[in-house]
Amino acid sequence: MSKPAELSCSECGPLNCYRQDKTYPPFCLTEAADRQQVESVVELLRGDNLDGRMARAAGEIEGLYYGKATRVEEIILFAKRIGAQRIGIATCRGLIEEARIFVKIVRAKGLEPYTVVCKVGSVDKREIGIAEEARLQKDAYEAMCNPVLQARLLNAQQTELNVLIGLCVGHDSLFIKHSAAPVTTLIVKDRVLCHNPVAALYASNTYYKRLLEPDQEAEKKP
Ligand code: SF4
């Protein structure tokens with residue numbers, strides 16, 4: 001018998017924590033939260049530390065530019081509000097042209113971009129034990145994505161905000177784990193949906209019904 005689903009915010013109808021104009025559900029995470037913990041977060045974000053500056057910058061940009069600034073513009077606004085001058089760009093090689101355009105924009109706005117591509121270091125996939133069947137092209141040198149080196153090179157450049165451009169799922173996780181600077185995302189990779197992954201959710205009752213069905217075939221594992 002499968003475990004009953006645990007109730008959390010995704011099962012909440014009123015979302016009362018936003019405006020407090022409805023009622024909280026019985027399983028509400030706001031009501032259950034340790035008030036001291038909530039207070040300690042408020043205390044942290046009220047301060048003049050980077051967390052506080054980021055929280056205020058993000059909240060102010062949301063309020064002041066709601067529906068007006070594109071994400072590209074929001075990233076520039078955010079960088080400026082937190083005082084980040086050195087902008088690291090961790091890009092996928094497949095999106096290098098988009099990264100080049102973003103670099104021009106960053107420079108035009110008076111900031112300093114520094115880009116590292118995912119294949120940096122040029123280490124063949126075999127070297128970390130990626131199976132032959134998982135290579136895209138069997139008879140050619142095929143460098144792995146190297147998000148850890150991407151992050152380390154940007155750390156060495158002392159970038160103050162790192163921007164992800166199309167890193168793969170998982171490579172982005174590794175980059176974020178190893179980045180010294182805060183990370184934001186300009187483009188998330190979705191090779192099927194032209195980097196617009198939300199389309200799969202919008203079409204999950206039609207073209208992508210399979211998403212709501214239990215997995216039929218065993219996961220492909222080399
Ligand atoms: S915190 Fe409470 S009110 Fe807010 S979404 Fe979660 S369950 Fe709903």
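Each residue takes its place number in the sequence, starting with 1. Numbering of ligands and ligand atoms starts at 1, following listing order.
When only non-hydrogen protein atoms are considered, atom 5 (S) of ligand 1 lies nearest to L15 CD2, 3.5 Å. Shortest contact from atom 1 (S) of ligand 1 to any protein heavy atom: T30 OG1, 3.2 Å. What sits closest to atom 2 (Fe) of ligand 1 on the protein, heavy atoms only, is C28 SG, 2.4 Å.
Under the 3.5 Å distance criterion, with hydrogens and angles disregarded, no donor-acceptor pair is assigned to the side chains of S40 and Q37. For the 3.5 Å distance criterion, the side chains of R86 and Q158 fail to qualify, holding no donor opposite an acceptor.
A salt bridge is absent between R19 and D21; no separation between the charged side-chain nitrogens and carboxylate oxygens falls under 4.0 Å. Look at E142 and R135 and you find no salt bridge, because none of the NZ, NE, NH1 or NH2 atoms lies under 4.0 Å from a carboxylate O. Look at R100 and E97 and you find a salt bridge, because one of the NZ, NE, NH1 or NH2 atoms lies within 4.0 Å of a carboxylate O, short of that distance.
Of all the heavy atoms in Q85 and G110, the pair that sits closest is NE2-O, 2.8 Å.
Here is the list of ligand 1 atoms found below 4.0 Å of a heavy atom in C12: 3 (S), 5 (S), 7 (S), 8 (Fe). Close approach to N16 involves these atoms of ligand 1, each under 4.0 Å from a residue heavy atom: 3 (S).
At a heavy-atom cutoff of 4.0 Å, ligand 1 is contacted by no atom of S8, backbone or side chain. With a 4.0 Å cut-off on non-hydrogen atoms, Y24 touches ligand 1 through its side chain and not its backbone.
When the options I75, L95, T91 are evaluated for a side-chain contact (heavy atoms from CB on, under 4.5 Å) with F102, the one that passes is I75.
C17 lies apart from atom 2 (Fe) of ligand 1 in this respect, since none of its N, O or S atoms is found at a distance under 2.8 Å. One of the N, O or S atoms belonging to C9 lies under 2.8 Å away from atom 6 (Fe) of ligand 1.
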